[in-house]
Amino acid sequence: MATVTEPIPAIESDGIEPTRIMLRPLLALDHEQFLLLAQQNSLLRMELSAQGEVLIMAPTGSITGWHNGEISCQLANWNKQHQRGLVFDSSTLFGLPRGSIRSPDASWVEKTRWQALSKKEKEAIAPLCPDFVIELRSKTDRLVVLKKKMDEYLANGAQLGWLVDPLLRQVHLYEQGQSARLLDQPASVLGTGCVAGFELDLKEIFAEIE
């Protein structure tokens with residue numbers, strides 16, 4: 001049975017820090033320029049920090065790709081029933097209010113917020129933070145880096161975030177106005193607030209990592 005505990009010290013695998021390329025003060029990329037950079041280097045997984053660093057993440061393996069697809073599929077299936085928002089996959093870049101450009105592994109945006117964007121904004125890097133984000137830890141990810149990323153989402157307006165860690169079979173829960181919480185070996189996670197009613201089934205995802 002899943003238990004809720006206080007956060008515990010991170011147990012690091014041989015995760016890899018993102019490669020960081022500092023552009024400022026020589027160059028500051030706007031959304032359009034960064035999207036063009038990412039498109040012209042499409043084999044690289046790229047984000048932009050609020051400090052102006054281009055972040056290049058290590059590629060993931062096939063198991064992580066399958067897990068990520070499963071998470072996005074479950075979220076999309078739930079959303080199709082309720083039609084309250086839009087679901088985005090891991091290739092989608094968002095321009096967060098505080099200056100970074102991030103691509104959560106799965107995310108959800110409330111419909112009226114999306115509809116308020118112009119056609120040009122929808123076709124490029126949407127200038128908003130998703131209401132709900134999920135990050136999936138792979139063997140190349142350092143847990144401390146992902147935790148900082150989750151804090152950044154909340155600081156930019158996300159209402160809810162889940163950091164799913166198949167390596168330790170844990171889920172870190174992030175919610176506006178609350179301290180981060182930890183679920184140890186949950187079979188599933190229930191959504192609250194903006195995604196109340198969504199349940200992410202983790203049994204296969206956690207069973208696959210040995």
Side-chain angles (χ1 to χ4, degrees), residues 13-73 75-76 79 85-111 113-158 161 163-164:
S13 68
D14 295 328
I16 302 171
E17 284 276 357
T19 298
R20 300 172 182 269
I21 303 173
M22 176 55 77
L23 300 179
R24 294 177 184 170
L26 297 177
L27 181 63
L29 299 179
D30 60 22
H31 288 183
E32 185 176 350
Q33 291 168 331
F34 184 78
L35 180 60
L36 180 60
L37 176 67
Q39 290 172 338
Q40 291 182 340
N41 296 274
S42 58
L43 295 180
L44 301 177
R45 297 172 58 227
M46 301 173 64
E47 295 180 330
L48 187 71
S49 75
Q51 293 72 41
E53 299 170 306
V54 174
L55 308 175
I56 302 175
M57 276 71 69
T60 62
S62 298
I63 287 179
T64 297
W66 166 51
H67 288 171
N68 201 76
E70 175 63 24
I71 289 172
S72 295
C73 183
L75 182 58
N79 187 67
L86 292 88
V87 174
F88 299 87
D89 67 12
S90 60
S91 64
T92 309
L93 293 166
F94 293 95
L96 306 191
R98 297 192 178 186
S100 60
I101 296 177
R102 295 293 190 179
S103 56
D105 288 324
S107 55
W108 181 91
V109 175
E110 196 272 329
K111 187 177 293 184
R113 296 185 66 217
W114 175 256
Q115 292 172 339
L117 299 177
S118 68
K119 185 175 184 293
K120 182 178 180 180
E121 289 171 330
K122 292 175 182 178
E123 292 176 341
I125 296 177
L128 55 75
C129 181
D131 299 279
F132 173 54
V133 297
I134 300 177
E135 288 287 352
L136 174 68
R137 186 188 183 192
S138 71
K139 288 188 176 182
T140 60
D141 291 323
R142 299 191 67 227
L143 188 55
V144 65
V145 173
L146 291 179
K147 285 183 173 182
K148 289 180 180 178
K149 195 173 181 180
M150 299 303 294
D151 288 333
E152 182 181 25
Y153 288 134
L154 262 64
N156 279 273
L163 170 51
V164 179

Testing Leu96, Asp30, Leu48, Leu55 one by one against Ile101 for a side chain to side chain contact (heavy atoms under 4.5 Å, CB included), which residue passes?
Leu48
Scan Pro127, Cys129, Pro104 and name whichever one has a side chain to side chain contact (heavy atoms under 4.5 Å, CB included) with Phe94.
Pro104
Check the orientation of Trp114 and Phe88. Use parallel for under 30°, tilted for 30 to 60°, and perpendicular for over 60°.
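Geometry flag for Phe88 against Trp114: tilted rings.
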Between [atom1] of [X] and [atom2] of [Y], what distance do you get to the nearest 0.5 Å?
X	Y	atom1	atom2	result
Lys147	Arg137	NZ	CZ	9.0 Å
Ile63	Ser138	CD1	OG	11.0 Å
Leu93	Gln39	CG	CD	9.0 Å

Do [X] and [Y] have side chains that get closer than 4.5 Å, going by heavy atoms?
X	Y	result
Met57	Ile16	no
Glu53	Ile21	no
Asp131	Arg113	yes
Met150	Tyr153	yes
Phe34	Met46	yes

Okay, side chain of Asn41, backbone of Leu37: is any donor-acceptor separation there less than 3.5 Å?
yes
Taking Asn68's backbone N and O only, do any of them form a donor-acceptor pair with Asp105's side chain (distance below 3.5 Å, no angle check)?
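No, the answer is negative, given that no donor and acceptor are paired below the 3.5 Å cut-off.
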Does a donor on one side chain sit under 3.5 Å from an acceptor on the other, for Ser103 and Glu47?
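Checked: Ser103/Glu47 side chains pair up, N/O donor to acceptor below 3.5 Å.
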Run the salt-bridge test on Lys119 and Glu123 with the 4.0 Å N-O cut-off and return the result as yes or no.
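A salt bridge is present here (some side-chain N lies under 4.0 Å from a carboxylate O).
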